[in-house]
Amino acid sequence: MLDLKEVKVILETALLASPEPLSLNALRKLFDDEFGAETLRRVLEELRQDWAGRGAELVNVATGWRFQTRAAYQRYLDRLNPEKPPRYSRAVLETLAIIAYRQPVTRGDIEDIRGVAVASTVLKALEARGWIEAVGQREVPGHPVLYATTKAFLDDLNLRALDELPPLEEMERLVDQSGVAYR
Amino acid sequence: MLDLKEVKVILETALLASPEPLSLNALRKLFDDEFGAETLRRVLEELRQDWAGRGAELVNVATGWRFQTRAAYQRYLDRLNPEKPPRYSRAVLETLAIIAYRQPVTRGDIEDIRGVAVASTVLKALEARGWIEAVGQREVPGHPVLYATTKAFLDDLNLRALDELPPLEEMERLVDQSGVAYR
Amino acid sequence: MNQIRPPTPLARIYGEPLLEIPRDLYIPPDALEVILDAFEGPLDLLLYLIRRHNLDVLDIPMARLTAQYMEYVEVMRAPQMELAAEYLLMAALLIEIKSRMLLPRQAEAAEETADPRAELVRRLLEYEQMKLAAQGLDALPQAGRDFALVQVWFEQVAEARLPQVSPDDLRNAWLGLLARARVTRHHKVTREELSVREHMSRILRRLRQREFVEFGELFETGPGVAELVVTFLALLELAKEGLIAISQQAPFAPVYARLFREADA
C-alpha cells in the first residue's frame, strides 16, 4: 500500500508527462482504483499548493487536471518559439462568441445576430481548431447543422464548464451606456 | 536584470513546456543571450539537484536538456494509456478455441468445424503471438500441419493446464435447450 | 470642398485606426478599405454611429442616424457592390422606420402601437452584447498563446497493444460455433478429453525432437496414476488418428513410438 506522499509523487509525475488533462477517473487508474476520488482530490489540492510561486501551475479544466505554465512566463517562452496560434479576426471571434453563448445555433442564427453572412471559412477555422463541432440538425426545411462548442474549447481557455465563461453584459447596461462615450 | 533564482524558474518553466530537448543555445535565447553558457550550465546543474527524488528528472541528452520521467514510474504511466486493447476477430477467437479444445488439429479440421475457410493470416497471427505452434504433421496427402496451443498460451490466460479452460458440457446443454438462443 | 486631408485615426477599434468620413464626403482612396475592415456589417456601423455620437439607443433620432449611415453607404456602394448590399438593406430599413415615425399617430393608440424602432434596438443590443462577448473571449488566457502546456518526456509504449483473450472468450467462441454449425453432438469436449488432448500435443512435440522414443519414456511418473492413464489414452488416440506409429521389433523388446510416416500406411 502506497502512502499519500508516494501518491503525490506519482500523481505529479503522471500529470507532468501527460499531453492531455487527466480526469479523476484516469488518475484513479494510476493506483488500480486503490484510492477514492475524494482522497485524490485532496492530494491534488496539496500538489497545487506545492507548485504555488513556480513557473507552472496545476489547474483543473473541463476534461481534467493538467500542468500548464503561468502566463507571466509566456514572454520568455515566446522567444523560443516565435510561432503562435492565429489571432482570430473579429468575424471569427464574434461567431465563436455566438456559438459559445447561444449554443446550439445554426449558421442562420449567427447571421441573424451579426447582420452579415458568415463565410464558410470562419466555421471551418473554428472546427479545425477543435473548438466547435456539429452536434445535430434543426428539424426545419434544409436541416441546417447545429453548432456547439467542444470540451477542447473549454480546455484551451482554461475553463471547466460553459458557466465559467465571462458573463454577458446585460442589455440594460448596454442601454445605459448610450450617452456615455463609446470606447 | 534577472537574478539567478528567477533564471532558474524560467529555465525550469521552459524545459517543462518543451516536448523536445532544449540546447544551451536555445536556452540562452530565453534571456536574449543575457547569460553565458557557463552560467546557464551551473543553474541547470542546480535545477537537476532540486529535482532529485522526484518523479521526473532533468537530463542532458545528445540534443540538449529535457525533463523526463524516471523509469521507476513507468509502470504507473503505463496504466494511463487510454487506448483500449484491440479485440481479436471472431475468426481468430474461434480458431483459437478449436485449437485449444480439439488439439492437435490441422487447418482442415478447423475448417470442418467452423464451416468456412481459415485464412493463413489467422494462424500466422496466433503463431506470432506465441499461442499456437506446429507440433507435427498428419501423414495424409498434403502433410497438413498439426497445431496445438503452447505453454505461453496457458500462461497468458492464467491457466495451469488446458483442463482449466471453461468446461463446455454445461454450455452445450444451454445451447441444446435453448436451441436458437445463440444464433 | 475637395480639400485633401490625410486620413487621421479618430478612434481605434480592436486596434484598427478608424477614420470618420469628413463632412464634405470626401473619402481618401484607401479609407474605404479601412472602413470595411473596421466594421463587421451594418449593425456594427450603426452601433458605432450611435455610440460615437452619444445617441440614446432607446430613443434613436432616426433622421440623424439615417443621414449619417447613408453617408457611409454612398461611398461604399460603387466599389463594393456585393458587400454594400447588406448595408443597403439596412439603409432601406432605416428609411422605413424613419417614415413610419413620421406618420401621424393617433393619441389613443400611441400607447399600444409598438415603437417602429423596437426591433432595430433589440437587434443592435443583441449584436453589441455578442460583440462584447467576443472581446471577452479573446481576453481570456488561451493555451498556446498566453500559456503553454507542460509535457515532460516519457517512454511511450511504442509497440501496439496486443488483444487480450480470456478463457471466457474462448468459451463464447465455441458457443458461437455450436450455435452456428450444430456441431454439438460431434464435439462434446469434457475435462478428461481436454487432458488427453493436451498430452497428445505434448507427445507430438517430444516425438518431433527425436525420431524414436521408448514407450515408457513418454510417461511421467511423478504426478500419479491419473497422469499415466491420461498419457496412455493420449497415445492410443494418437495411434487411432494415425498420428504416431507404435512398434516393437520382437516380443519383449522395447516398444517405440515415432511419428507416423507415409511408408507406414
Side-chain angles (χ1 to χ4, degrees), chain A residues 13-21 56-57 61 66-74 77 81 84-98 100-102 110 112-117 155-159 165-171 174-183, chain C residues 11-14 16 37-48 50-60 83 85-87 89-90 121-156:
Chain A
T13 308
L15 287 162
L16 285 172
S18 172
E20 256 119 60
E57 60 188 331
V61 292
R66 76 173 172 212
F67 274 109
Q68 66 189 37
T69 62
R70 288 177 203 274
Y73 294 88
Q74 191 59 33
L77 303 187
N81 188 10
K84 305 213 81 186
R87 262 209 109 85
Y88 288 123
S89 68
R90 279 184 56 197
V92 174
L93 286 171
E94 288 179 9
T95 301
L96 179 63
I98 292 167
Y101 285 93
R102 296 270 189 259
I110 301 167
D112 283 346
I113 293 176
R114 295 193 64 229
V116 286
D155 280 352
D156 277 356
L157 295 187
N158 243 344
L159 305 170
L165 282 172
L168 286 175
E169 291 275 349
E170 286 174 30
M171 294 286 215
L174 295 178
V175 170
D176 290 344
Q177 273 182 0
S178 54
V180 182
Y182 191 61
R183 281 162 304 161
Chain C
R12 284 182 180 271
I13 290 187
Y14 297 83
E16 293 281 344
D37 279 353
F39 297 114
E40 282 295 313
L43 284 173
D44 199 22
L45 173 54
L46 277 179
L47 263 181
Y48 167 73
I50 289 167
R51 297 305 189 191
R52 167 136 184 88
H53 296 284
N54 294 345
L55 304 181
D56 184 350
V57 176
L58 290 186
D59 189 18
I60 301 172
L83 184 90
E86 282 157 342
Y87 287 84
L89 202 66
M90 179 59 73
V121 168
R122 189 198 62 76
R123 287 186 64 194
L124 280 169
L125 290 179
E126 183 174 30
Y127 174 65
E128 185 169 38
Q129 192 183 37
M130 285 302 137
K131 197 174 128 164
L132 294 170
Q135 292 178 46
L137 281 186
D138 198 35
L140 289 178
Q142 198 183 99
R145 187 186 74 187
D146 304 303
F147 60 88
L149 303 181
V150 166
Q151 210 222 308
V152 162
W153 191 87
F154 73 104
E155 191 86 53
Q156 307 254 13

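Numbered from 1 within each chain, the chains take letters A, B, ... in sequence-line order. Basis for what follows: all heavy atoms, side chains included, without hydrogens, waters or symmetry-related copies.
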So, the part of A/Ala72 with a heavy atom under 4.5 Å from chain C: the answer is neither
Take C/Gln129 and A/Tyr101, measure what side chain to side chain donor-acceptor pair (under 3.5 Å) needs, and give me the verdict at the end. CA-CA 10 Å; C/Gln129 192 183 37; A/Tyr101 285 93; over 6 Å; no
Rounded to the nearest 0.5 Å, what separates atom OH in A/Tyr88 from atom CZ in C/Arg145? 10.0 Å
Taking every non-hydrogen atom, the tightest pair across C/Gly144 and A/Gln74: O-NE2, 4.2 Å
Which one of A/Ala91, A/Ser18, A/Ala56 has the most heavy-atom pairs closer than 4.5 Å to chain C? A/Ala91
Could you tell me whether the side chain of A/Pro166 reaches within less than 4.5 Å of the side chain of C/Leu140, counting heavy atoms only? yes
Decide yes or no on side chain to side chain contact (heavy atoms under 4.5 Å, CB included) for C/Val150 and A/Arg66, but give the supporting numbers first. CA-CA 8 Å; C/Val150 166; A/Arg66 76 173 172 212; over 6 Å; no
Does the side chain of C/Gln135 come within less than 4.5 Å of A/Leu93's, by heavy atoms? no
Pair A/Phe67, C/Gln151 - check side chain to side chain contact (heavy atoms under 4.5 Å, CB included), show working. CA-CA 8 Å; A/Phe67 274 109; C/Gln151 210 222 308; over 6 Å; no
Sidechain N-carboxylate O distance under 4.0 Å for A/Arg90, C/Asp44: yes
Side-chain contact, heavy-atom cut-off 4.5 Å: C/Pro141 with A/Leu157? no
Go through the steps to decide whether A/Leu168 and C/Leu132 satisfy the test side chain to side chain contact (heavy atoms under 4.5 Å, CB included), and finish with yes or no. CA-CA 8 Å; A/Leu168 286 175; C/Leu132 294 170; over 6 Å; no
Can you tell me how far CG of C/Leu137 sits from CG of A/Leu165, rounded to the nearest 0.5 angstrom? 6.0 Å
Once you round to the nearest 0.5 Å, how far does CD of C/Glu86 lie from CZ of A/Arg114? 9.5 Å
Count the heavy-atom pairs under 4.5 Å between each of A/Ala71, A/Ser89, A/Ala100, A/Pro167 and chain C, then report the option with the highest count. A/Ala71
Can you check whether C/Phe147's main-chain N or O pairs, donor with acceptor, with A/Thr69's side chain at less than 3.5 Å? no
Hey, what do you get for CE (C/Met130) to OG1 (A/Thr95), rounding to the nearest 0.5 Å? 11.5 Å
Can you tell me how far apart CD (A/Gln68) and CG (C/Asp146) are? Round to the nearest 0.5 Å. 10.5 Å
So, taking the atom named CD in C/Glu128 and the one named CD1 in A/Ile113, what distance separates them when rounded to the nearest 0.5 Å? 14.0 Å
